[in-house]
Amino acid sequence: MESNALMWFRKGLRIHDNPALDHARRGATRILYPVFVLDPRYLERDPSAFSPGSARSGLNRIQFLLESLADLDKSLRRLGSRLIVLRGGDPADVVIRILREWNIGKLCYEFDTEPYGQARDARVKDFASGSGIEVFSPVSHTLFDPAHVIQKNGGKPPLTYQSFVKLAGQPAPPIGQPFSSLPPVGDVGECENVGVPTIQELGYGSLGQVEFSPFRGGESEALKRLNESLVDKEWVANFEKPKGDPSAFMKPATTVLSPYLKFGCLSSRLFYQSVQEIYTNVKRHTSPPVSLVGQLLWREFFYTVAFGTPNFDQMRGNKICKQIPWSDDDKLLASWRDGQTGFPWIDAIMVQLKQWGWMHHLARHSVACFLTRGDLFIHWEKGRDVFERLLIDSDWAINNGNWLWLSCSSFFYQYHRIYSPVTFGKKYDPTGKFIRYFLPVLKDMPKEYIYEPWTAPASVQRRANCIIGRDYPRPVVSHESASKQCRLKMGEAYALNTASRGPWAARIWRSSAGNSEKTIQLPTRARDSNRNA
DNA sequence: TTAAGGTTGCAGTG
DNA sequence: CACTGCAACCTTAA
């Protein structure tokens, strides 16, 4: 029996290693609709946000998404198809509507582990199943199926990296691309204006002063960047994450493939396989957790814990999160967010975040530690929100996981180890090239004072054309006393957490837990993943 | 109960 | 750059 198929793109914005797309084109499919639905939750303009963009996304990531969609459309057209971009409200409602209107018999989409995606997909799947529509939803965003790893661990997610790695084993290889054309797209009925929009068409036209990220979106760009990253076999083999230079920005010390993994422009399985091939061809190579493959496994680790932990993205009701009485100070928070703390190393990183949507991993550590347990003692959820909005690689599981880590709320507990907002950056960049680039107001400050400009004599400040307190802020805290206070407060909070670990502690979790009871959608079983024609 | 280990601290020394 | 001492957290495995 002939039927129309719908390939619903969300993440997984690629042609290669895309099992859902592969399944959609197979069998008796005569008509294939490749669809992406613009989600107002991420794209609707919010003038009240602290930077241009929507409530949840800055312009850099919106632009990255649109570039990824345009590239996907181009690739689909080469295969005789095209991308249909739909507007009109909640994506689940839109998809349910077109399932009926376009007489869809087969619905394919990549499995999504995030709570928002789970709820969205549950609605669509329920409708489709009730209407006799075949649903195929394979795991292809991650190397492993988080549900399967949790099952192997006795129903609980592994909470240490090492135990996760032991459990995970080897990932499946990417699927080949055994097709050179796709079925044609059918009539889109009453849907109008189904092309990939420009950022101006989304209502962001008047905001031209924003500096856009140097990183362009899309699968083509992802594969190009992957190949360029892997050209230097020695570099790949000797990669050690903690030894990277967070101040390198003209040529970043990492691959910057994270935004492509986030949107699925790049398959993690292809990345994994490509690195493994290099490993087999060199004498020796580094290992997890510090190696390049180790970085991919960190991603898997956080995806798995996030999938199996209710309320993972908040302190309350999160069983793996220390309960810490963070302080509430909107002025201090704003100074951090806007790059106005008076610590050039911190502020330059925050400006890079705003302008590029990307910073080195250790730079993220530096500013996250400063905001939370290191200096300002502000809630990690506030910092998480800022990162989530501004990063082009913003990823729910990884971002929350790392904020839990850096704030010593989970995974990592050595709260006495605090990054210095002065000396940490100086180790890598003694002359302050990074600071001068992202904070031009300090470009003429002598290197002796570039990390602590408030210590520069007035005459030096005048010569550098930068008066501290007028052209650049004084430090919002004294690092010496603030970090000392933070250590004390962390010690007290930890003691309370330990004391409340009795049988009555469960009440705390239950009384503060929000809507942790949610239906979890399971992926289409692996054996249904039909790789053979 | 104890010992070992944990991707990425800092300051000082050679 | 590699090593030490510093002060010291948690979880896991025995």
Side-chain angles (χ1 to χ4, degrees), chain A residues 153-154 156-168 237-248 252-255 258 275 285-302 304-305 309 318-324 343 345-346 349 359-375 398 401-430 451-452 478-501 505:
Chain A
N153 197 44
K156 287 165 139 183
L159 292 176
T160 64
Y161 180 81
Q162 303 288 4
S163 61
F164 171 82
V165 171
K166 256 185 245 163
L167 216 58
N238 296 321
F239 184 91
E240 279 186 76
K241 185 64 158 288
K243 292 197 177 161
D245 177 356
S247 72
T254 55
T255 61
S258 52
V275 177
H285 61 83
T286 51
S287 298
V290 296
S291 64
L292 208 46
V293 155
Q295 304 314 303
L296 273 171
L297 296 176
W298 277 107
R299 177 174 182 265
E300 299 292 316
F301 170 67
F302 285 127
T304 305
V305 183
T309 307
N318 180 348
K319 281 188 185 171
I320 66 168
C321 181
K322 295 264 182 214
Q323 304 298 301
I324 296 169
F343 289 94
W345 170 248
I346 300 296
I349 295 167
M359 324 89 100
H360 185 274
H361 186 66
L362 289 178
R364 301 183 194 199
H365 276 219
S366 224
V367 296
C369 179
F370 184 87
L371 179 75
T372 57
R373 66 182 170 86
D375 289 87
I398 302 171
N402 277 302
W403 276 98
L404 284 163
W405 184 294
L406 255 297
S407 64
C408 283
S409 297
S410 197
F411 308 114
F412 177 79
Y413 307 97
Q414 290 172 263
Y415 60 79
H416 282 268
R417 296 189 183 173
I418 292 174
Y419 291 89
S420 163
V422 172
T423 59
F424 182 72
K426 211 186 264 183
K427 274 190 301 194
Y428 301 95
D429 182 15
Y451 283 86
E452 297 168 282
S478 145
H479 174 63
E480 282 63 40
S481 59
S483 58
K484 202 178 267 177
Q485 283 299 311
C486 281
R487 281 192 177 98
L488 284 173
K489 284 190 257 189
M490 289 298 285
E492 286 166 15
Y494 268 39
L496 274 173
N497 276 271
T498 311
S500 65
R501 225 199 256 148

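Throughout, protein chains are lettered first and strands after them, A, B, ... in sequence-line order, and every chain is numbered starting at 1.
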Can any side-chain N or O of A/Arg373 pair as donor or acceptor with the backbone N or O of A/Arg417 at less than 3.5 Å? yes
Can you check the A/His365 NE2 to B/dG9 C1' distance for me, whole Å? 12 Å
Given atom CG of A/Leu297 and atom C1' of B/dT7, what is their separation to the nearest angstrom? 12 Å
Given 3.5 Å as the limit, does a donor-acceptor pair link the side chain of A/Ser410 with the main chain of A/Leu404, or not? no
Considering only atom P, compute the distance from C/dA7 to B/dG5 and round it to an integer number of Å. 23 Å
So which one's nearest nucleotide on DNA chain C is more toward 5', A/Lys166 or A/Lys243? A/Lys243
For atom NZ of A/Lys484 and atom C1' of B/dG9, their distance in whole Å: 17 Å
Any donor-acceptor pair under 3.5 Å from A/Arg487 side chain to A/Tyr415 backbone: no
Picking from C/dT12, C/dC10, B/dG9, which would you name as closest to the side chain of A/Leu159? C/dT12
Any base atoms under 4.0 Å from A/Phe411, or only sugar-phosphate, or nothing? Heavy atoms, all strands. nothing
Would you please confirm or rule out a distance under 4.0 Å between OP1 or OP2 of B/dT7 and any side-chain N or O of A/Gln162? yes
Rounded to whole angstroms, how far apart are CD on A/Gln295 and P on B/dT8? 12 Å
If you draw a 6.0 Å radius around NZ in A/Lys166, do more than 12 non-hydrogen atoms from other residues or ligands fall strictly inside? no
Check this one for me: any side-chain N or O of A/Ser163 less than 4.0 Å away from OP1 or OP2 of C/dT12? no
Atom pair distance, as rounded to whole Å: CE in A/Met490 and P in C/dC10: 10 Å
Closest-nucleotide 5' rank along DNA chain C - winner of A/Ala495 and A/Arg417: A/Arg417
Between B/dT7 and A/Trp298, is there a base-stacking contact, meaning the centre of the base's six-membered ring lies under 5.5 Å from the residue's ring centre while the planes stay under 30° apart? yes
Can you give the dot-bracket line for DNA chain C, where a pair is Watson-Crick or G-U wobble with both atom distances under 3.5 Å, crossing pairs use [ ], and | marks a partner on another strand? ||||||..||||||
A/Gln414 CD to B/dG6 P: how many Å, rounded? 11 Å
Sub-3.5 Å donor-acceptor pair from the side chain of A/Asn497 to the main-chain atoms of A/Gln323, do we have one? yes
Give the nucleotide from the list B/dC10, B/dT7, B/dG9 with an atom nearest to the side chain of A/Ser420. B/dC10
If I take atom CG in residue A/Leu404 and atom P in nucleotide C/dT11, what distance separates them, rounded to the nearest angstrom? 14 Å
Measure from CH2 on A/Trp405 to P on B/dT8 and round the result to the nearest Å. 7 Å
Fit a plane to each ring of A/Trp405 and A/Phe302, take the angle between them on a 0 to 90° scale, and name the class: parallel (under 30°), tilted (30 to 60°) or perpendicular (over 60°). perpendicular
Just to be sure I understand the rule, does A/Lys426 reach a base, reach only the sugar-phosphate, or reach nothing, if contact means heavy atoms closer than 4.0 Å? nothing
Check each of A/Phe164, A/Phe301, A/Trp298 against A/Phe411 using the ring pair (Phe, Tyr, Trp, His ring centres under 6.0 Å) test, and report the only one that passes. A/Phe301
Rounding to the closest angstrom, what is the interatomic distance between B/dA4 and C/dA8 at atom C1'? 15 Å
Does A/His416 reach a base, just sugar-phosphate, or nothing at all? Heavy atoms under 4.0 Å. sugar-phosphate
Distance col, row A/Ile346:CD1 vs A/Cys369:SG, nearest 0.5 angstrom, shows 8.5 Å
Report yes if a side-chain nitrogen or oxygen of A/Lys427 is closer than 4.0 Å to either non-bridging phosphate oxygen (OP1 or OP2) of B/dC10; otherwise report no. yes
